[in-house]
**Student:** 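What follows is a structure written as C-alpha cells; I'll ask about it next.
Below, each value reflects all heavy atoms present in this structure, side chains not excepted, and no hydrogens, waters or symmetry copies.
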Amino acid sequence: MASDTQGRENAKKMRRRKDPEGRMSLGEHLVELRNRLLISAITVVLLSVVGWFLFPWVFDAVKAPIEAAGEDSDLQALINFQGVGTGLNVKLQMSAYIGLILSAPMLLAQIWLFVMPGLHRNERKYAVGFFGSAIPLFFLGCVAGYWAVTQLVPVLMSFTPTQGSTSQIIPYNEYLNLLIKTMLAFGIAFVMPVVLVLLNFLGILRGRTMLKAWRWVIFLCFAFTAVMVPTPEPVTLIGMSAAISSLFFAAVGISIWNDRRRDKLAGDEDLADDEASRIDDEVEPIDAPERGEKDRR
C-alpha cells in the first residue's frame, strides 16, 4: 500500500513538472488563459476605482470640446443627463473606461505572458522592445483620438441651425461613447505597426510582403483620418494621415533590415555547412587506403 501511494505521488509530481520546451496540454492552456483573464479583470477593477476619484478632472476635460464649440458659435450647447440615475451610471461608465485605458500595459503584458511559453528563447527577448514602444504609442494614440474629437465636435455642431433661440442638447452617454471609441481606435492604430514588427521578428511576416500593400495602407490611413477627423482644412487630414503612414513605413524599414540580417546569418550557416561537408569528403579518400592495408594485415 505504501509503495502504491508513493507511486501515485511521484506520478502527480511528474504531471505537475513543466515541460522544458514550454509544451502544455489543452487543460493547462485553459487554466493559463483563465489566470491571465482573472489578473486582467482584477487590474481593470482596481484601476476603475482610481478612475472614480479622477472623474471630476476627466469630466472637465471631456466636456471642454463642447463648451469650446458653443463659445465659437451662437449656438447654446448643453450636456444633458437624462433620468435620475443617469449621473451615477455615467460616472460608473467613465470610471470603467479610465480603468480600461490605464490597465492597457497590464493587458498587453498578460497577452504576452500567455503567448510567450510557445516561443523560443531568442524570440522572448523581443518583449522589452515590444512593450517599450507599444505602450507609449498606445497612449499617444489616445491623446490623438482626444484631439480628433475636439476637431470633430465643432464640425458636427456647425450643421445645427442657429436662427432664433436654438440650443444643442447633447446626451452625455452618447457623447462619451463617441469619445472613448475614437480614442481606442487611434490607440490601436498607433500600435498596429509595432505588431507588424513583432510578427516579422517572429518569422511570420516579411518586410517586402508588407511593402506590397503600401498603396492600400495609405488609402486606409486617409480614409480613417477623414472619418475620424472631418475637418474642412486639408492640413489636418494630411498631417494625421502622414503620421500614421510614417509609423507603417518605419515598421516596414525595420522589418526589411531584420530580414536581410536573418538571411545573411542563414547564408553564413549554409556556407559553414558546405565547407564542413567538403572537408569530410576530402578526408574519406585518404583514410580508405589505410583501412584497406589494416584489413590485409
**Student:** Nearest 0.5 Å, what's the CG-OG distance between Asn35 and Ser40?
**Tutor:**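 Rounded to the nearest 0.5 Å, the CG-OG separation comes out at 10.5 Å.
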**Student:** Considering all heavy atoms of both residues, which atom of Ala243 and which atom of Ser246 are nearest to each other, and what is their separation?
**Tutor:** O-OG, 2.6 Å
**Student:** Distance-only criterion, 3.5 Å: show the donor-acceptor pairs between side-chain atoms of residues 99-109 and protein atoms not counting sequence neighbours.
**Tutor:**
{"unit_1": "Ser103", "atom_1": "OG", "unit_2": "Gly99", "atom_2": "O", "d": "2.8"}
{"unit_1": "Ser103", "atom_1": "OG", "unit_2": "Leu100", "atom_2": "O", "d": "3.0"}

**Student:** Write down the atom of Asp259, the atom of Gly207, and the distance for their closest heavy-atom approach.
**Tutor:**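 Scanning both residues completely, I find the closest heavy atoms to be OD2-N, 2.7 Å.
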**Student:** Would Ile204 end up clustered with Phe248 when hydrophobic side chains under 4.5 Å apart are linked, directly or stepwise?
**Tutor:** yes
**Student:** Rounded to the nearest 0.5 Å, what's the gap from CZ on Phe222 to OG on Ser245? Could you check?
**Tutor:**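 Here the interatomic distance stands at 6.0 Å.
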**Student:** Once rounded to the nearest 0.5 Å, what's the spacing between atom CG of Leu220 and atom CZ of Arg215?
**Tutor:**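 Interatomic distance, Leu220 CG to Arg215 CZ, rounded to 0.5 Å: 14.0 Å.
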**Student:** Spell out, yes or no, whether Val31 and Leu37 are grouped together once hydrophobic residues are joined by side-chain heavy atoms under 4.5 Å, including indirect joins.
**Tutor:** no
**Student:** Using the test side chain to side chain contact (heavy atoms under 4.5 Å, CB included), find all partners of Arg260 that sit at least two apart in sequence or belong to another chain.
**Tutor:** Arg208, Ile256
**Student:** Please tabulate, for side-chain N and O atoms in residues 136-145, each donor-acceptor pair with protein atoms closer than 3.5 Å (sequence neighbours left out).
**Tutor:**
none

**Student:** Where does the angle between the aromatic ring planes of Phe190 and Phe186 fall among parallel (under 30°), tilted (30 to 60°) and perpendicular (over 60°)?
**Tutor:** tilted
**Student:** Please identify each residue that fulfils side-chain hydrogen bond (donor to acceptor under 3.5 Å, both in side chains) with Arg36, with sequence neighbours left out.
**Tutor:**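 Expected list: Glu32, Gln110.
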**Student:** If Ile, Leu, Val, Met, Phe, Trp and Tyr residues are connected whenever their side-chain heavy atoms lie under 4.5 Å apart, and connections chain through other members, are Leu92 and Ile98 in the same group?
**Tutor:** no
**Student:** Might you confirm whether atom CZ of Phe219 has over 12 heavy atoms from other residues, nucleotides or ligands at distances under 6.0 Å?
**Tutor:** no
**Student:** For the atom pair CH2 (Trp147) and CE (Met183), what is the distance rounded to the nearest 0.5 Å?
**Tutor:** 14.5 Å
**Student:** Under 3.5 Å, side chain of Asn200 to main-chain N/O of Leu196, donor-acceptor pair present?
**Tutor:**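 Not at all, since once roles are kept as given, no pair shorter than 3.5 Å links the two residues.
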**Student:** Minimum heavy-atom separation for Thr209 and Leu205, please, with both atom names.
**Tutor:** CG2-CD1, 3.8 Å
**Student:** Return yes if some donor-acceptor pair links the side-chain N/O of Tyr97 with the main-chain N/O of Leu176 below 3.5 Å, else return no.
**Tutor:** no
**Student:** Just how far is it from atom CZ of Arg206 to atom CG of Asp263, taken to the nearest 0.5 Å?
**Tutor:** 4.5 Å
**Student:** Is there a path of hydrophobic side-chain contacts, each under 4.5 Å between heavy atoms of I/L/V/M/F/W/Y residues, joining Val191 to Ile188?
**Tutor:**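 They do not share one cluster, since no chain of ILVMFWY contacts under 4.5 Å joins Ile188 to Val191.
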**Student:** In terms of relative ring orientation, are Phe81 and Tyr172 parallel, tilted or perpendicular, with 30° and 60° separating the classes?
**Tutor:**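 Parallel.
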**Student:** With sequence neighbours excluded, tell me which residues meet side-chain hydrogen bond (donor to acceptor under 3.5 Å, both in side chains) with Tyr175.
**Tutor:**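 Once residues adjacent in sequence are excluded, Tyr175 has no partner under the side-chain hydrogen bond (donor to acceptor under 3.5 Å, both in side chains) criterion.
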**Student:** Please identify each residue that fulfils side chain to side chain contact (heavy atoms under 4.5 Å, CB included) with Leu38, with sequence neighbours left out.
**Tutor:**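 Once residues adjacent in sequence are excluded, the partners of Leu38 under the side chain to side chain contact (heavy atoms under 4.5 Å, CB included) criterion are Ile42.
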**Student:** Is the shortest heavy-atom distance from the side chain of Cys221 to the side chain of Val217 under 4.5 Å?
**Tutor:** yes
**Student:** Of all the heavy-atom pairs spanning Val90 and Phe55, show the shortest one and how long it is.
**Tutor:** O-CE1, 4.4 Å
**Student:** Enter the distance from Gln93:CD to Leu88:CG here, rounded to the nearest 0.5 Å.
**Tutor:** 10.0 Å
**Student:** Is it the case that one hydrophobic cluster holds both Trp214 and Met210, taking links as side-chain heavy atoms less than 4.5 Å apart, direct or via other members?
**Tutor:**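 Yes, it is one cluster - the side chains of Trp214 and Met210 are joined through contacts under 4.5 Å.
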